[in-house]
Amino acid sequence: MPELTYREAVRDALSQAMRQDDGVFLMGEDIAEMGGSMGVTQGMLEEFGKERVRNTPISEMALAGAAIGASMQGMRPVAEIMYEDFLTLAAEQVVNQAAKIRYMSGGQLTVPVVFRTQGGAGWSPGAQHAQQLEAWFVHIPGLKVVFASTPEDVRGLLWSAIYDDNPVVFFEHRTLYPIKGNVPQEIEPIPIGRARVHREGEDVTVIATGRLVHESLKAAEEAERDGISVEVVDPRTLQPLDEESLVSSVKKTNRAVVAHEAVTRMGFGAEVAAVLQYQAFDWLDAPIERVGAKFSPLPFAPVMEAFVVPHAEDVLTAIKRTVGKA
Amino acid sequence: MPELTYREAVRDALSQAMRQDDGVFLMGEDIAEMGGSMGVTQGMLEEFGKERVRNTPISEMALAGAAIGASMQGMRPVAEIMYEDFLTLAAEQVVNQAAKIRYMSGGQLTVPVVFRTQGGAGWSPGAQHAQQLEAWFVHIPGLKVVFASTPEDVRGLLWSAIYDDNPVVFFEHRTLYPIKGNVPQEIEPIPIGRARVHREGEDVTVIATGRLVHESLKAAEEAERDGISVEVVDPRTLQPLDEESLVSSVKKTNRAVVAHEAVTRMGFGAEVAAVLQYQAFDWLDAPIERVGAKFSPLPFAPVMEAFVVPHAEDVLTAIKRTVGKA
Amino acid sequence: MATAEHKATLAKSELGDVLREMLLIRRFEEKVEERFRAGELPGFLHVAIGQEASAVGVCRALEDGDVIASTHRAHGHTLAKGTHPNELMAELYGKQEGCSHGYGGSMHLYDVERGNMGANAVIGGGLPHVTGAALAFQMRGEPRVALAFFGDGATNIGTFHEALNLAQLWQVPAVFVLEDNKWAESTPESQHSPIRDLSDRAKAFGMKTLKADGQDVEAVYKTARQALDHARSGKGPVFVHLDCVRFHGHYIGDPQVYRDKDEARKLAETRDPIKLLREKLKLSISDEEFEELDTEVTEMVEASVEFAKSGTDPAPEDALKNVYA
Amino acid sequence: MATAEHKATLAKSELGDVLREMLLIRRFEEKVEERFRAGELPGFLHVAIGQEASAVGVCRALEDGDVIASTHRAHGHTLAKGTHPNELMAELYGKQEGCSHGYGGSMHLYDVERGNMGANAVIGGGLPHVTGAALAFQMRGEPRVALAFFGDGATNIGTFHEALNLAQLWQVPAVFVLEDNKWAESTPESQHSPIRDLSDRAKAFGMKTLKADGQDVEAVYKTARQALDHARSGKGPVFVHLDCVRFHGHYIGDPQVYRDKDEARKLAETRDPIKLLREKLKLSISDEEFEELDTEVTEMVEASVEFAKSGTDPAPEDALKNVYA
Ligand SMILES: Cc1ncc(C[n+]2csc(CCOP(=O)(O)OP(=O)(O)O)c2C)c(N)n1
Ligand SMILES: Cc1ncc(C[n+]2csc(CCOP(=O)(O)OP(=O)(O)O)c2C)c(N)n1
Ligand SMILES: [Mg+2]
Ligand SMILES: [Mg+2]
């Protein structure tokens, strides 16, 4: 089992898909010579050339829309939106076009495009470079939404996203690029729509995405010391959502915490809580806890930024509260 | 108490605010000679002139952004986005700019702009002209979000929105424009952040927004015949949310249904359910029911469209399910 | 590459067909207006009455394999691109037999087999798709062109700027056809654009520009042909500016309070593309022949209504199909 | 209206001040780079080293009451618009004394009292604000101008097109200053724009265009002055194209793998705006005087670091303030 960073894992999925299939190509701002603002596509220009590792102007609408158009003609473009915040510029194309073209055409067309993007706080860029907006896209029928938290997952899921015949919005988290993890020798596609249990436990289920998976695992270890046994589950794909896995875990533990970096209000955790309270109502021994960013834009000053977004302690506090040990 | 249509009520709030205050003006596509695609601003060009009832080109980004800029310089612009679907085009300006400018400037600036928009199904325009996207904006700290369902509410809330020093995204529902209702002789500002109890009841609380308020009231009457006493509450402002009123109603009835026209998944009802299960956990006798659009884009054919979006029957079914009479 | 049968100008022998096509579109849309007013058609509809020469002239110039993206005003483009009136009318009636199987409606007409990548209810929404489709053709070395229709109002939206800029930057085989009817809904061009010649829009990208009278189908064809040849031969995209006239309201039912009542009437007298072509053909097509043509297309249109009405309504729960592939 | 003390060109007597200002910006940004590399500064920072003439020349031409909107590369604009180095440095250190009170950071610098409507981390994000601010001035009959800075890369985004189009349509008193440094991050102009003269962008709106050497502060001032006078006198907005040079990386820490190592060095030799002005002033400012100037501004910069470091950290929970008015 080779070890890759999350960054290398993304690159590996892209590269292998491009080697296997001429229809796969990349578009994005500064992805060629510079290798992307996160260095994900470094070295790929040399291997695949500028036609397939295609620098675009600063034109998020056209870049998303051209990827859609190319996908309608049988290509499998992977469009990189440099920061999630700029998905707001491409929103019309992603939401009104990509998500709906198959439907509006009565099934005549497919739109096999991937919109890769990244975000996340922890480096004080201020309010316009670190939002987490995955919840928006979960609200839009026709899109699939992926948010991977480990090298293995990001590689296997990106592969599946590229070969999925539907538009996929693929979220990466900035702080995860350097983390390392083992991956299978050969790429194993990870089916979209399947959650991953990172840690089994008996007393409470923590459902976490992105960076918060890692924070939740830390919190789980801490909790263990206090005799609380925590199960940590990462849905990995937010749309479709593996409700069954989440519900069955909660039916076992009878308690749930949902954790993500996005703002709590109207965040993905709201949907998970709504699903769980409905499907596991009789099993729940405590209200479902939500952990997410506090209700403000992201501030610049590091002390304030750290206060706004959640960390392991916040997950731990929620765990303790839900088991009555707050 | 004069009677006004919802359309007239919007117009009245705009007109009175413009008479009182030179800083208030309107911008939007086809709002001048044509009076807006929904006829809301009909006659206003004649009274206020083309400087203050300002037709714009088809430029949703610039129209939203120029309204923001004018508001930063002390005006109180009301920008009309013809259809909610086109808020996707203005999303960058609304979300990254309007919502955050006050914050990023450390409180130096205010952005007293209103983005009026409308949407809603029931007339088969297809997938790109009837979405309900209010949930997106509830996720964004810095914005206020209003969704009014009656002539009285829409007038009083629009007035408050115009005079609020924060950016407000103001949702109207297309099918409500012709409905009539009494309004106070003089405009009474309705505070942003206060829910309205439309109907008191004992057995179940229905929390509904927009068109679904009216569908829920119909369902409540039907339910009454079956001996179920239904309380219907309209939060009216989704951000800030009057959690207290919702929670106290549910603590009384012990059952809740949340209803809106937007897609159920990741819709506003998810947030309400998450809040209620948390704050009224020990009071809930049944899982919170969610009523919303089924998981598809809006189809064209009327039979399919009617199937996708919820109606009184769907609310009634949910009410019955929650009281165990399904 | 331009195939032999595609000449630079329309052959005299084709003009009868061209007239028939334009007349079919005209009668079709008149019927649509009538049926909408009769309360038979759901949804939100826009006719392009007066703009038939643009649809027919441009689509005739296309070759097999070329694709188009259309707008909210899409009936003419769709018929001109080869969709049978039955399938189009069935769509407007929301039937499974419709060209979008009842999922799309008037603003979302698709016919992929015939190269119609879709109408679009969002202004500018289809423009980057054309850039992207053309990019796919370029990358695969296919001699195909992607072509977008859009209106004068659409030249104000950022999507337009970005999509054309990208197309020119990458020199993809795309053609952008501006149907300049001087109105964006109720807004006259002087109120929505600071320039009086919208060809100047293309200067921001250095894109080749061609201009034609959009009411003269021969001129349209010739110009479209030139543009397509240019794009197809790898010389880059072309911006085609057609001077057009909208005879009717923005949408069906539009009372046009904002428009001088005489304007449209006068324009219909002097710039009706069907009248203009008919006059040119005076010698070769007699009044009787024209009446015959008219009867023929009118019957086709009537038949399309029959076809549509006897079509199959989707089941309500079909709404949940086609969300994902 | 132009006030008496604002002349069409910079007075000889002002040039010493101009030099000091440019030098202050240069030393300030060099210090910022140093402190960032030392790990003292959080966040994401972009310096405009080499582009001081644009910031100083343009901002000098502004009058009281005029406002600017800036970009991600905002330090120079902010200092030139009058924010004290202490307040700017304190902001970069995330202190309450900072010009955005620690809420903004390098890409979100505000100083409303001094007419700075804000830097923007979204390309093109501030352009429509300038159109809107100018509209407010126009509607209230105030003789003020709103001015936006942006880069060559920004001319590709739809917001640019829409904002300038609207400004020209409404003839608002706005000036749009393109700082054309030929790079958008790692992407050279030839790879992001299909035209070689970005002044052509303005043709799509029919906007008046002025051009100047952005490295020559006198030329910049003169051109900005002309543009501002034009806008202020009600003749409509102006597009100002400044030919600039970016000496350093896109962001602090950028290894510039995409750029010829010699390019920047050569440009720094021949087109350094500070060197150029100093040469012009050879007769009036001696080497010693220059050294004194340099010492003076360097001390100011050092002092700003001291000021910033001894500033007040916000309390964590201050993060929840200022979300709403
Ligand atoms: C982004 C967007 N904004 C607004 C609308 C509403 N709208 C539909 S058609 C139209 C006018 C379009 O004018 P033009 O592009 O000239 O086309 P025409 O209707 O003249 O064919 C408008 C404003 C829309 N569909 N999409
Ligand atoms: C909408 C958007 N897309 C991408 C970025 C990332 N980005 C920041 S600066 C930059 C390049 C800007 O180039 P230019 O406008 O020429 O300004 P310069 O950096 O040269 O001053 C890019 C792509 C962004 N901030 N906003
Ligand atoms: Mg038009
Ligand atoms: Mg640049």
Side-chain angles (χ1 to χ4, degrees), chain B residues 28-37 39 41-43 45-46 50 54-65 82-83 85-90 92-93 121-131 174 263 265 293-309, chain C residues 41-45 72 91-96 98 100-109 119-125 151-160 184-189 191-194 250-251 254-259 313-324:
Chain B
E29 293 161 16
D30 303 292
I31 64 168
E33 290 83 358
M34 190 173 176
S37 68
T41 52
Q42 263 169 21
L45 173 66
E46 289 69 26
K50 67 187 169 55
R54 194 173 272 271
N55 261 2
T56 71
I58 309 174
S59 303
E60 277 77 8
M61 284 190 289
L63 126 67
M82 197 188 277
Y83 287 85
D85 312 72
F86 312 151
L87 267 179
T88 52
L89 285 160
E92 197 285 307
Q93 285 295 322
W123 60 295
S124 277
Q128 296 175 331
H129 268 67
Q131 285 167 94
R174 181 189 175 99
V263 171
R265 165 88 9 140
K294 296 187 178 65
F295 199 67
S296 79
L298 287 166
F300 166 61
V303 286
M304 294 199 287
E305 194 203 42
F307 176 78
V308 169
V309 297
Chain C
L41 297 180
F44 193 27
L45 297 102
H72 56 290
E91 185 60 30
L92 303 185
Y93 274 83
K95 304 292 180 171
Q96 287 187 347
S100 306
H101 307 303
Y103 288 78
S106 171
M107 298 194 289
H108 309 291
L109 302 171
N120 218 304
V122 181
I123 296 300
D152 46 300
T155 67
N156 295 304
I157 198 155
T159 331
F160 162 84
E185 202 154 334
S186 74
T187 308
E189 209 157 296
Q191 241 185 69
H192 75 61
S193 252
H250 170 62
Y251 57 92
D254 178 1
Q256 296 197 79
V257 290
Y258 50 82
R259 193 178 187 187
D313 279 320
E317 55 279 10
D318 285 347
L320 303 182
K321 293 182 187 161
N322 291 323
V323 182
Y324 292 98

Task: Contacting region of C:Gln96 [heavy-atom separation from chain B under 4.5 Å] - done: neither
- [ ] Heavy atoms only: give me the nearest B:Glu33-B:Asn55 pair and the separation to one decimal.
- [x] OE1-ND2, 3.3 Å
Task: B:Arg54: partners by salt bridge (Lys or Arg N to Asp or Glu O under 4.0 Å), with sequence neighbours left out - done: B:Glu51
- [ ] Please report the C-alpha distance between C:Tyr103 and C:His108 in whole Å, then the side-chain angles of each, then the deciding distance to 0.1 Å, and finally whether the side chain to side chain contact (heavy atoms under 4.5 Å, CB included) criterion is met.
- [x] CA-CA 8 Å; C:Tyr103 288 78; C:His108 309 291; over 6 Å; no
TODO: Could you tell me which portion of C:Ile123 (side chain, backbone, both or neither) has an atom closer than 4.5 angstrom to a non-hydrogen atom of chain B?
DONE: side chain
Open item on the list: For the interface with chain C, which of B:Ile58, B:Leu89, B:Leu298, B:Thr88 has the highest count of heavy-atom pairs at distances below 4.5 Å?
Closed with: B:Ile58
TODO: Identify which of C:Ala184, C:Gly158, C:Pro314 forms the greatest number of heavy-atom pairs closer than 4.5 Å to chain B.
DONE: C:Pro314
TODO: Against chain B, work out which of C:Thr155, C:Leu92, C:Thr159, C:Asp254 has the most heavy-atom pairs shorter than 4.5 Å and name it.
DONE: C:Leu92
Task: C:Asn156 versus B:Ser59, closest heavy-atom pair with distance - done: O-OG, 2.9 Å
Task: Selection from C:Gly94, C:Ala121, C:Gly124 maximising heavy-atom pairs under 4.5 Å formed with chain B - done: C:Ala121
TODO: Sort C:Asn120 into side chain, backbone, both or neither according to what part of it lies under 4.5 angstrom from a heavy atom of chain B.
DONE: both
TODO: Heavy-atom distances under 4.5 Å only: say whether B:Met34 touches chain C with side chain, backbone, both or neither.
DONE: both
Task: Contact class of C:Phe160 relative to chain B, heavy atoms under 4.5 angstrom - done: neither
- [ ] Check the angle between the aromatic planes of C:Phe44 and B:Tyr83 and answer parallel, tilted or perpendicular using the 30° and 60° thresholds.
- [x] tilted
Open item on the list: Under 3.5 Å, is there a donor on one side chain and an acceptor on the other for C:Ser186 and B:Asp30?
Closed with: yes
Open item on the list: Under 4.5 Å from any heavy atom of chain B, what part of C:Gln256 do you find: side chain, backbone, both or neither?
Closed with: neither
Task: C:Asp313: salt bridge (Lys or Arg N to Asp or Glu O under 4.0 Å) partners, not counting sequence neighbours - done: C:Lys95
Open item on the list: Please confirm whether the ring centroid of B:Phe86 lies under 6.0 Å from the ring centroid of B:His129.
Closed with: yes
- [ ] Measure C:Val122 against the heavy atoms of chain B and call it side chain, backbone, both or neither at under 4.5 Å.
- [x] both
